[in-house]
Structures are given as C-alpha cells and as structure tokens.
Amino acid sequence: MSPKETQLEQSIFQLRTRLLVMCASVGIAVDEACDSLASGNMGKACAVVDGDTAINALENDIDEMALSILVRNQPVAQDLRFVVAALRMVIDLERIGDEAVNIAERAVILHEALPEPVMDPVFALMESAKKSYKHAVEAFRLLDGGKALALCRNDDESTQEEVKALHRIMDYFCLEAHSGNGDTSYTGMHGILICRALNRICRRAANIAEHSYFIAEGVNIKHVPVMTE
Amino acid sequence: MTNNCTLVAENVNFFYGQSQALHGISLSFQKNRVTALIGPSGCGKSTFLRCCNRMNDLIPGARVEGSIRLDGEDIYSPRADVVALRRRVGMVFQKPNPFPKSIFENVAYGLRVNGMKKKSEIRDSVEESLRRAAIFDEVKDRLQTSALGLSGGQQQRLCIARALAVDPHVLLMDEPASALDPIATQKIEETILELKQRLTIIIVTHNMQQAARISDRTAFFYMGKLVEENGTDAMFTRPELKQTEDYITGRFG
C-alpha cells in the first residue's frame with residue numbers, strides 16, 4: 001500500500017492551491033480595506049474595489065474545478081469532503097471579498113469623520129476580523145480540526161464587539177444630534193455598515209473554520225452549538 | 001443486531017487446501033438490507049460470498065471453519081440440506097448464464113425441480129418472478145423464444161428472475177453488473193433496490209460508486225480479512241480506518 005499520486009490527487013492538489021490563492025487574495029483585500037479605514041488611504045481603498053473582479057473570477061475557476069472533479073473522479077471519503085467544502089468555502093471567501101469592498105468604499109468617508117474614542121471599538125472589531133480570517137485560513141491550510149474548532153468557539157466575541165462599537169457610534173450621534181449637528185447622520189450610517197461588514201467577515205471566517213473541521217474530521221458542525229471547554 | 005439478521009457469519013476461516021483465503025470473518029447481514037462487499041481482487045470477498053450458500057463445497061480440498069447461520073440454523077451443520085439451502089440463498093453471477101432454453105423455461109426450471117407441477121401455478125410464478133426482476137414487460141410477447149437471444153442486461157435480469165422463482169430469503173450477487181453497459185447496470189441496480197423490500201441482498205462489487213448507490217452497509221475485505229464494516233454513507237464519507245480510505249479513494253499502491 002505505497003503512496004502513489006493519482007490523477008485525482010493531482011486534481012485535488014490543484015484545487016487546494018487555487019483555494020489558497022483565493023484565500024490569500026481575499027486576505028489582502030481585507031487587510032487593505034482595514035488599512036484604508038485606519039489611514040484613509042484612497043489608493044488602497046480603490047485597489048480593494050478594483051481587485052474584487054479577480055476574486056470573483058477565482059470563485060468561478062474553483063467552482064468549475066470542483067465540479068469537474070465530481071464528474072470525472074466521483075471522489076469519496078476525505079477527497080469528497082474536500083471538494084464539497086471547497087464549493088462551500090468559495091462562497092464564503094467571495095462574500096468576505098465583498099465585505100472588504102463595502103469597507104473600502106466607506107473607509108475614506110469615515111476616516112477622521114469620527115473622533116478616536118468613537119472609532120476605538122471599531123478598530124478593535126477590525127483587528128478581530130483580521131485575526132479570525134487569518135486563523136480560519138490557517139486552520140484550512142493545515143486542516144487542523146482543533147484550530148478550526150477554537151475559532152468556532154469564539155464566534156460570539158465578534159458580535160459582542162460589534163454591539164459595543166455600534167453603541168459607541170449611536171451614543172456619539174445622539175449627542176451630536178442633541179447639539180444640533182444633524183449633518184453627521186450619513187457618516188454614522190457608514191460607521192454602522194462598516195461594523196456590520198466586519199462582523200460578517202468574522203462570521204464567514206467561522207464558516208471557513210467549520211468547512212475545515214468537516215474536511216479534517218468528517219463531522220459537520222454547522223448549526224451545532226459548539227461546547228466551550 | 002443479531003436478531004434482525006438473516007445471515008450471521010461468525011469467525012469464518014476458509015482454506016483452499018493449505019492456503020487460507022479467509023481469516024476469522026464475522027459479519028451479520030440484516031433483513032431487507034443490501035450489503036456490499038468491496039476490496040481488491042483476491043481479497044476473499046467472492047470466496048466469502050460463495051461460503052454463504054456452500055458453493056465452495058464443490059471445490060476439491062476446500063474447507064470451512066466457524067459458523068454461518070441462516071435464520072438461526074447453521075448451514076454447515078451435518079444435518080443441513082444443501083439443496084434447500086441454495087433455494088433459500090439464491091445466487092447471481094458476474095456473467096449472465098441463462099440455460100439454452102426458452103425464456104419461460106429458464107424461470108420455470110427451478111419451480112419444476114422443486115416439485116411444482118400445475119401449469120397455471122408455474123405460469124403465474126414465472127410471470128411474478130419476471131415482474132420482480134423488472135423484465136416482464138420486455139419479454140412478455142416472446143416467452144417461448146430462446147433466452148440466448150436477449151441482450152446481456154436482459155439475460156442478467158432473467159437470471160435474477162430465475163433465482164427469485166424459488167422464493168429465496170437471501171440473494172447473493174457476485175459483480176452482477178460488471179459486464180453490462182450503464183443503462184443495463186442502472187436497471188439491475190433499480191431491480192436490486194426493489195428486491196430488497198423482500199430480500200436480504202449481499203453484493204460483491206468492484207465499482208465503488210455502485211456500492212455507494214445501492215447498498216445500506218458496506219464491508220471492506222483485504223487479504224482475506226474483514227477490515228471495516230459500516231453504514232455505506234459513513235464508509236464513503238468518513239471511513240474509520242486509513243486502509244479503507246486508501247482503498248476507496250484509489251490510493252492503494
């Protein structure tokens with residue numbers, strides 16, 4: 001029973017490589033979008049918006065590769081789990097790319113529009129989103145069930161951070177409105193939408209972790225309450 | 001689980017002369033379930049299948065140890081009636097092997113051998129068996145023509161009808177669709193899924209997709225040993241053992 005590279009193994013390897021390329025592209029988009037939010041760098045924000053087409057194209061590529069493997073090789077066991085997870089993962093990756101675009105489109109408007117104490121919880125949420133995404137990709141790259149599960153366990157933290165950030169923004173705008181400054185309401189809306197986008201990145205990252213766990217362990221943990229230790 | 005089983009093999013060893021082909025196989029076959037036996041060529045799955053209706057008795061020097069019980073009765077007991085056993089445990093082979101007789105006579109033969117004499121009874125039984133094997137509509141207008149004029153897929157379903165005519169409890173199938181085209185294979189598979197409502201079916205197949213499509217449980221054999229047995233869905237999505245995974249994913253070197 002010596003290891004031998006079959007045509008299926010080569011196809012799976014190519015699919016994995018393509019997925020990792022998409023993970024990297026989406027990771028760059030998230031980082032750049034967050035940077036543009038922190039720095040107000042218009043160039044980075046534009047690059048994220050422009051780069052979304054390439055991410056969409058990768059989604060189509062991976063879809064086709066996965067379907068081709070299903071048709072040609074009828075994979076089973078871990079190969080089947082990998083292909084099924086790949087088809088699910090590309091959807092999450094593409095949506096994370098879209099959220100990065102949402103952030104980038106609003107980053108320049110929001111930059112310096114809000115005072116630092118208001119933005120602090122937004123930045124904390126931003127760091128969580130970046131960290132969650134990196135952990136999810138790492139869990140997938142290593143097919144590490146433990147890492148994936150750990151990320152799923154922390155899924156609620158981002159929601160708490162989002163609520164904290166939204167409170168801070170809402171409080172600020174209530175005060176502004178009381179003081180007769182109603183022009184800031186649109187800025188507030190952008191702030192709220194950015195918080196929503198960052199939380200969605202965390203949620204999608206948790207989905208990627210669930211897919212990685214499914215590949216590694218063969219157990220579907222979607223919609224299953226994850227026990228905390 | 002044993003109470004729900006038609007056929008129970010316990011610690012079965014099988015020898016071709018000095019050469020041991022099966023090592024301590026223990027396996028239960030549940031009623032109204034299809035169990036697929038998979039494994040590389042020479043792993044013992046067909047040998048085991050043939051042990052289940054004592055077909056190996058015909059091989060000089062062959063010897064069986066352990067027990068195989070059909071509905072609680074040891075089929076290797078000295079008191080066991082082998083003819084009656086083969087009536088209760090029918091078999092369909094890889095290559096369709098109809099008798100060089102008419103379609104009708106192929107199915108009626110077993111009935112006559114088993115003592116059925118009334119023509120109307122035989123006619124009804126033949127029709128019912130052909131219907132159960134999903135071939136009646138294709139041959140109803142030419143029952144008196146030679147079975148050898150049928151296509152491969154039709155011949156195989158005729159052989160299934162022949163096996164069904166004597167009302168077996170268990171049907172053993174040794175790669176029944178391996179020599180057939182995809183359409184004929186699909187018909188055989190649909191027939192198997194219909195038949196399991198009334199029968200216990202054990203099928204040997206090299207086709208992983210076929211095992212996944214039609215069986216409820218799957219047993220993986222390797223070098224005469226039972227490596228893993230599990231529900232088919234679990235077996236093909238998350239096998240417990242690496243050896244099984246290597247085989248079903250085609251990584252066996």
Side-chain angles (χ1 to χ4, degrees), chain A residues 1-17 19 65-89 139-140 142-146 148-149 152 209-224 226, chain B residues 23 34-45 177-178 181-182 185-186 189 203 205-253:
Chain A
M1 221 188 284
S2 64
K4 189 179 89 174
E5 183 142 304
T6 60
Q7 193 256 331
L8 172 60
E9 281 177 292
Q10 288 172 16
S11 302
I12 295 276
F13 181 79
Q14 285 165 3
L15 178 64
R16 182 175 182 274
T17 306
L19 267 172
M65 286 172 83
L67 285 176
S68 168
I69 291 172
L70 287 174
V71 169
R72 288 171 185 274
N73 304 97
Q74 291 132 30
V76 290
Q78 184 162 357
D79 297 335
L80 175 63
R81 301 201 301 269
F82 190 91
V83 177
V84 169
L87 285 167
R88 291 171 180 167
M89 249 180 82
F140 168 67
L142 302 171
L143 286 186
D144 184 332
L149 204 57
C152 296
E210 286 172 358
H211 306 325
S212 305
Y213 190 84
F214 175 66
I215 301 170
E217 307 294 335
V219 178
N220 195 343
I221 54 171
K222 280 193 302 180
H223 312 302
V224 176
V226 180
Chain B
H23 300 259
V34 179
T35 303
L37 309 184
I38 60 169
S41 297
C43 69
K45 54 194 186 302
S178 66
D181 67 49
T185 299
Q186 191 186 0
E189 290 179 2
I203 179 169
T205 179
H206 276 131
N207 183 331
M208 295 299 105
Q209 281 69 43
Q210 182 172 67
R213 279 194 297 269
I214 61 169
S215 68
D216 302 291
R217 299 191 70 78
T218 300
F220 169 53
F221 282 65
Y222 185 60
M223 294 180 77
K225 291 177 183 160
L226 174 65
V227 176
E228 184 172 346
E229 191 245 346
N230 208 339
T232 296
D233 286 350
M235 189 75 130
F236 284 97
T237 51
R238 45 175 197 283
E240 283 173 13
L241 301 176
K242 187 173 183 307
Q243 206 172 20
T244 313
E245 171 130 6
D246 283 347
Y247 178 71
I248 63 174
T249 56
R251 289 183 174 88
F252 241 49

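Chain A is the first sequence line, chain B the second, and so forth, proteins listed ahead of strands; every chain is numbered from 1.
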With a 4.5 Å limit on heavy-atom distance, are the side chains of B:Arg251 and A:Asp79 in contact?
yes
Could you state the interatomic distance from CD (A:Gln78) to CG (B:Asp246), rounded to the nearest 0.5 Å?
10.5 Å
Could you tell me which non-hydrogen atom of A:Ala77 sits nearest to which non-hydrogen atom of B:Thr249, and how far apart they are?
CB-CG2, 3.9 Å
Atom CG of B:Asp233 with >12 non-hydrogen neighbours under 6.0 angstrom
no
Which pair of heavy atoms, one from A:Gln74 and one from B:Gln209, lies closest together, and at what distance?
O-NE2, 3.1 Å
